[in-house]
Amino acid sequence: METTPNSTATEALDENKLIAQRREKLTRLRENGHAFPNDFRRNALAAELFAHYAECDAAELEARAVRVKLAGRLMTRRVMGKASFAHIQDMSARLQIFVQREQLGEALYEFFKRELDLGDIIGVEGQLFKTKTGELSVRCDGLRLLTKALRPLPEKFHGLTDMESRYRQRYLDLIMNPSTRETFRVRTTIVQFIRDYLNQRGYLEVETPMMQVIPGGAVARPFITHHNALDMQLFLRIAPELFLKRLVVGGLEKVYEINRNFRNEGLSTRHNPEFTMLEFYEAYADYHDLMDLTEDLLRRMATDILGTTQIHYQGATYDFGQPFMRLSVRDALLQFNPNLTATEVDDDERLRSVLEHHGIVAKPSWGLGKLQLELFEQTVESQLLNPTFITRYPTEVSPLARRNDIDPSVTDRFELFVGGREIANGFSELNDAEDQAERFRAQVAEKEAGDHEAMYYDADYIRALEHGLPPTAGEGIGIDRLVMLFTDSPSIRDVLLFPHMRPESSV
RNA sequence: GCGCCCUUAGCUCAGUCGGUAGAGCAUCUGACUUUUAAUCAGGUGGUCGUGCGUUCGAGUCGCACAGGGCGCACCA
């Protein structure tokens, strides 16, 4: 590791007594040999021991004389003269250890009492037993300090509750809060489940560029960076979509990618500048096939990971067991705006006045499709609580989606809403190269008119389409928001190990 | 970007009407061989987020700034 003399100098100034005491102990360790040994090998995890021996009664456990070697962080300690109890925590669980002078010998027991601190990483060795209250424990006959912790842990009872500290010092949050560990365990399980699900169905996982010359595939502002050797501007991707469809052109007929996207927008409880998306594409399928797949995926995921299709989120319950509702944008508008008639919902002027009623000033450039979508977002979205597919999005707001055969003003597209929030977005892909070129040109015109989020013209993507994209359906699922739902997390920061934070003035 | 709220010991929190700082845990000293928020006795620990102002006097009142939380806006 690098040494940073400057920072140690400044740290020394604001260092408190607790840290100074621990440094002195570390100094003594250094004087007595290797302060940071790396030769201890454990042969068990705490949770494995609970799984095997929790049911065993005290006499039986004694008879079996199970010897174990465990390593972990010292979390609690109760010293009582010549014998002490403590808990050590490893990645799986927290297990009690029993430390006696009689077992360890005078010197080591004194070391345990004098030199160890809460937070230290230790290795222990001994026989499993059960205390008189029935708690599975290790009677230590060996104990080593493996890593000295110089900083004290947060309070053992209340733990670390300050949200800022929990986000900034996630390591402390993970040490202190089991619910945080569980959230990220579920997150990993969800991603694994998706990979297994798609792999079993013949999808190929791929990785496409994160740094792009032309950022495409979504309507959003990108981050800009610079490549020195090439002396050129590059963008962090806002979506992998156009590259994944190039792969389908290339014959990879079922592909997916789970990776980060970057969008240069405000932060909120639902937005982080970098976020994780699943995008997948399947040739010879349409958006109906994807709705079926999505419904099946989420239902199985809930059953498999949560053991129920009833998702409890922030006091509400959403049912993933029933067939998901399917409703077009237009029908949803009519259903949730009873004062709007079937003719009015297609009337430019009427929609503009209704929007104005909701406090939204419609721009002159907005066509019918954009007006409808605005009203949808204003009046419908937040009310779609149980899983609901909204279909047939206006072509005007869907520049990459295939037009509907019967009504070309809408596309073969859907979005899935749960708890009033968008979870997925999928559509039959636009594979008409000439139509796509035209829609890119319309986007470029909007960009020139001042819309920073409008798309660029991607000539190579058009060239790829000209080679023939088979009829294909594609979808994106926001992993972070899905994890929020499955872990009952109110903020996206709760499901990101290291959410974006403004820099601290001093550490 | 806007609005409301928060910032006091390592952690979790009190702090009254403006009168110079408190508790619990942790830590230190001592006692204690089945405890588990161990217990008992005694101690240490603070630039009250930062700066400016009002005042005889500011943790407390005012303004500005920083960081955070929530909501709105933008979006996924």
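Convention: sequence-line order gives letters A, B, ...; per-chain numbering from 1.
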Problem - A:E429 and A:K245 ion-paired at < 4.0 Å - result: yes
Exercise for the section: May I ask you to say whether A:E205 pairs ionically with A:R195, meaning some side-chain N is under 4.0 Å from a carboxylate O? Expected result: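 A salt bridge links A:E205 with A:R195.
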Practice task
Would you mind reporting whether A:F184 and A:D494 have side-chain heavy atoms less than 4.5 Å apart?
Solution key: no
Which part of the nucleic acid, if any, lies within contact of [X], taking any heavy atom under 4.0 Å across all strands shown: a base, the sugar-phosphate backbone alone, or nothing?
X: A:R221; result: nothing
X: A:M501; result: sugar-phosphate
X: A:D162; result: sugar-phosphate
X: A:R114; result: sugar-phosphate

Practice task
On RNA chain B, check which nucleotide each of A:D494 and A:E265 is closest to and give me the residue with the more 5' one.
Solution key: A:D494
Practice task
Assign each of A:P273 and A:S268 to its nearest nucleotide of RNA chain B by heavy atoms, then name whichever residue's nucleotide is nearer the 5' end.
Solution key: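 Comparing both residues, the 5'-ward one is A:S268.
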Measuring from the side chain of [X] (C-beta onward, heavy atoms only), which nucleotide among [options] has the closest atom?
X: A:Y167; options: B:U34, B:U12, B:G69; value: B:G69
X: A:Q100; options: B:U33, B:G10, B:U35; value: B:U33
X: A:M80; options: B:U29, B:A38, B:G71; value: B:A38
X: A:A83; options: B:U12, B:U33, B:G67; value: B:U33
X: A:K156; options: B:A38, B:G10, B:U12; value: B:A38

Handout entry: For A:A218 against A:R263, the heavy-atom pair lying closest together
Key = CB-NH2, 3.4 Å
[M] and [N], which share atom name [atom1], separated by this distance in whole Å:
N: B:A38; M: B:A26; atom1: C1'; result: 15 Å
N: B:G57; M: B:C40; atom1: P; result: 45 Å
N: B:A66; M: B:A23; atom1: P; result: 36 Å
N: B:A58; M: B:G53; atom1: P; result: 12 Å
N: B:G46; M: B:G59; atom1: C1'; result: 11 Å
N: B:G49; M: B:G68; atom1: C1'; result: 11 Å
N: B:G10; M: B:C48; atom1: P; result: 12 Å
N: B:U27; M: B:A73; atom1: P; result: 49 Å

Practice task
Check A:F440, A:F235, A:Y461 against A:Y456 for a ring-ring contact (aromatic ring centres under 6.0 Å, His included) and give me the one that passes.
Solution key: A:F235
Find the partner of [N]: check Watson-Crick (N1-N3 plus N6-O4 or O6-N4) and G-U wobble (N1-O2, O6-N3) distances, both under 3.5 Å, and reply none if neither fits.
N: B:C11; result: B:G24
N: B:C2; result: B:G71
N: B:A41; result: B:U29
N: B:G53; result: B:C61

Exercise for the section: Classify the side chain of A:T131 and the base of B:U35 as holding, or not holding, a donor-acceptor pair under 3.5 Å. Expected result: yes
Take the protein atom [atom1] of [X] and the nucleotide atom [atom2] of [N], then report the distance between them rounded to whole Å.
X: A:E164; N: B:C70; atom1: CD; atom2: P; value: 12 Å
X: A:R263; N: B:A73; atom1: CZ; atom2: P; value: 19 Å
X: A:Q96; N: B:A37; atom1: CD; atom2: C1'; value: 14 Å

Practice task
Measure from NZ or CZ of A:R170 to the centre of the six-membered ring of A:F498, then state whether that distance is under 6.0 Å and the direction lies within 45° of the axis.
Solution key: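 That pair does not qualify as a cation-pi contact.
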Handout entry: Mutual orientation of the aromatic rings belonging to A:F112 and A:Y109 [parallel < 30°, tilted 30-60°, perpendicular > 60°]
Key =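 Aromatic pair A:F112/A:Y109 classed parallel.
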